[in-house]
Amino acid sequence: MTTVRTAIVIGGGIAGPVTALALTRAGIAATVHEAYPATTGGIGGTLALAPNGVAALRAVGAQEAVTAIATPIHHSAMAVGRRRIALPTLAGVPPLRVVHRAELHRVLHDRASAEGVSFAYGRRLVGAEQTDSGVTARFEDGSTASADILVGADGIRSTVRGLIDPSAPGPRFTGLLSFEAVARHEVDVEPGTMTFAFGRRGYYLYWPEPGGGTRWGANLPQQRPMSLVEARAVPAEQWLDTLRTSYGDDDPGRRLMATSSADDLQVVGSLQIMPPVPHWHRGRMVLVGDAVHAPSNSSGQGASLAIESGVQLARCLRDLPDVESAFAAYVRLRRARVEKVAARAARINHAKAPGPVARTLMPLLMPLLVRTAMNPEKTVADEQRHVIDWDAPVTAEPALR
C-alpha cells in the first residue's frame, strides 16, 4: 500500500477531475487547481467517448451521469461525392457517445465535488519544488500548495510537462483547422448515424442532432497553425464564408454550411497532436491525459484515453508501496496502448485532405477499404473492448525470465 496521502492535480478539464476522483477512491485526498477563474461554461465543442472511455468512467462512479447527457451513435457511414457506404460496427460493445465538452466538464466537476474533491480556480501554475517527501506548487497569483505528489492534467500545452523535462517535445500541428456548428438543414439519415464525408476541398462529418437540425464538424486543410486566440480573432462570419466556399460543391456540405449561423459557429482552432513523450514523470510529478498523450481527433479516443490514464494512475498509487514504483507501473500500463492509438490516428489524418487523383479513386476503392483497412475487428477491437478492472491489484513489473 502506498504512502501517498495527498495530491495536487493541475488542470480542471476532463483528465483532472477524473484523476482526482480516482485518487479519492484510492484513499488519496486530491485538490484540482485550474488556471481559469471559474468553470468552463459554454467553452468548447463536441467530443466523442468510445466504449472503453465510458467503461473507465464506471471506476469513478460517473458512467450513468455522463451517458445521460450524451448522444449515442449506433451507426456510421463514409461518403465521397454521391457515393455512400455503411461502415461495419464492432460487435459486443456499447455505442460511441458524443457529448458537449462543457456539459462533460460540469458533470465531472459535480461528481468530483460530491465525493470530496476540492477545486481552486484562478491558479495558473508557474513552478514547482520537490523534496524527498513532497512537492510544492507555485501559482501566478503568488499562492502555493503542497502535497505528496503533483499530477499534470494541464492539457497539450502542459506547464508540468516542461517542469518534468525542459526538453520534452511540444504539440505538433496536423495541418487541419477545425470548426463545429448545428445546421438547420435536416439530413436524410437514420438518427444515431455519423457520416464521415470527404468533400472536394476538405473533410467533414455530421449526424442528426436530437431535437432537430444536423450537427457537423469540419477539418479544413491549413498551411500554418493558428492558436485558438488567433483563430477566434477572425470574425465568425468570415470563417463561415470560407466554409461555404470550401464546401459549396458538396452535398450535403453546401446545405449544412448555408443553414448554419455565424453566432453558433464553434471555432475550435488548429488541431494538435502530441508526439511520444520520453519522460512521463520525474520525482513526485507525473503527467496524465493530453499533457502526455494527445492523439489526433481522428482516433475518437482522446478523451477516453485521458479518462483511462487517470484511473490507471490511481490504481498504481493505491497498490504499490512508493511513488517511483507506482509511476513506473503506470507508464508500463499506458505507454504502448496510447502510442498505438496515436499511430493509427496519424494514418487517418493523411486521408482527410485527399488530392484530385485520390479523391477520384476513393469511391471505387471504398468497398475494398471497408472490407480490409476499415474492418473494426482488425483496427479498433483492442481499443474499444479494453476494460479496466478497478478492483484488480496492480503489481510491480514481473522479473524477466
Side-chain angles (χ1 to χ4, degrees), residues 1-4 7-11 14-16 18-23 25-26 28 30 52-53 56 59-60 128 130 135 147-156 158-171 273-295 299 301-346 382-383 386-390 392-400:
M1 180 177 292
T2 185
T3 57
V4 174
I8 297 165
V9 178
I10 304 298
I14 296 169
V18 169
T19 302
L21 258 171
L23 290 170
R25 292 195 162 203
I28 300 169
N52 50 288
V60 295
Q130 301 189 78
V135 57
D148 294 329
I149 61 168
L150 184 148
V151 181
D154 49 344
I156 200 164
S158 171
T159 297
V160 179
R161 186 174 63 239
L163 296 177
I164 289 174
D165 180 7
S167 63
I273 59 174
M274 277 303 301
V277 175
H279 305 291
W280 288 32
H281 61 91
R282 179 173 67 85
R284 291 177 172 270
M285 298 189 294
V286 65
L287 299 168
V288 297
D290 284 356
V292 69
H293 52 70
S299 71
Q301 283 283 355
S304 296
L305 293 180
I307 292 166
E308 285 184 1
S309 286
V311 171
Q312 291 287 42
L313 175 63
R315 290 181 64 234
C316 293
L317 286 164
R318 177 194 67 190
D319 295 340
L320 294 172
D322 56 73
V323 171
E324 182 178 358
S325 61
F327 287 174
Y330 162 66
V331 174
R332 174 170 51 86
L333 287 173
R334 300 302 297 156
R335 183 186 287 278
R337 175 168 170 77
V338 301
E339 291 184 358
K340 182 179 179 180
V341 172
R344 177 181 67 80
D382 289 344
E383 293 176 16
H386 184 76
V387 176
I388 298 170
D389 186 348
W390 172 259
V394 178
T395 58
E397 187 171 5
L400 295 175

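Just so it is clear, the values below take in all heavy atoms, side chains as well, and ignore hydrogens, waters and symmetry mates.
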Can you name the closest pair of heavy atoms from [X] and [Y] and give their distance?
X	Y	result
F327	M285	CE1-O, 3.8 Å
P295	L305	CG-CD1, 4.2 Å
V277	P169	CA-CG, 4.4 Å
T159	D154	N-OD2, 2.8 Å
A396	L320	N-CD2, 3.6 Å
A329	V394	CB-CG1, 4.2 Å

To the nearest 0.5 Å, tell me how far [X] [atom1] sits from [Y] [atom2].
X	Y	atom1	atom2	result
R337	R332	CZ	CZ	15.5 Å
I307	L21	CD1	CG	11.0 Å
D290	I273	CG	CD1	11.5 Å

Notebook entry, point to check: Does D389 offer a backbone N or O that forms a donor-acceptor pair with the side chain of R315 under 3.5 Å?
Noted result: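 Flag set: sc R315 to bb D389 pair under 3.5 Å.
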*Any donor and acceptor pair, going by atom type alone, linking the side chain of R161 with main-chain N or O of I156 inside 3.5 Å?*
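At least one qualifying donor-acceptor pair exists.
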Do [X] and [Y] have side chains that approach each other closer than 4.5 Å (heavy atoms only, starting at C-beta)?
X	Y	answer
Q301	N52	yes
L163	L150	no
V292	M274	no

Practice task
Report the residues that fulfil salt bridge (charged side-chain N to carboxylate O under 4.0 Å, His left out) with E339, sequence neighbours left out, ordered by chain and then residue number.
Solution key: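 Testing E339 for salt bridge (charged side-chain N to carboxylate O under 4.0 Å, His left out), a comparison that skips the adjacent residues, returns R335.
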Exercise for the section: Only counting residues at least two apart or in another chain, list the ones meeting side chain to side chain donor-acceptor pair (under 3.5 Å) with R334. Expected result: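 Side chain to side chain donor-acceptor pair (under 3.5 Å) list for R334, sorted by chain: E308, S309.
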Residues passing the side chain to side chain donor-acceptor pair (under 3.5 Å) test with D165, sequence neighbours excluded, are S167
Next on the checklist: Using side chain to side chain contact (heavy atoms under 4.5 Å, CB included), reason through L313 and H281 one step at a time and then give a plain yes or no.
Outcome noted: CA-CA 11 Å; L313 175 63; H281 61 91; over 6 Å; no
message: Pair Y330, V288 - check side chain to side chain contact (heavy atoms under 4.5 Å, CB included), show working.
response: CA-CA 10 Å; Y330 162 66; V288 297; 3.3 Å; yes
### Task
Please determine which of V151, V60, I14 meets the side-chain contact (heavy atoms from CB on, under 4.5 Å) test together with T19.
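Per the side-chain contact (heavy atoms from CB on, under 4.5 Å) rule, the option paired with T19 is V151, out of V151, V60, I14.
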CA sep, side-chain torsions, deciding dist, call: E383, K340, side chain to side chain contact (heavy atoms under 4.5 Å, CB included): CA-CA 9 Å; E383 293 176 16; K340 182 179 179 180; 5.7 Å; no
message = Assess the residue pair H293 and V341 against the criterion (side chain to side chain contact (heavy atoms under 4.5 Å, CB included)); give the C-alpha distance rounded to whole Å, side-chain angles, the decisive distance to 0.1 Å, and a yes or no.
response = CA-CA 10 Å; H293 52 70; V341 172; over 6 Å; no
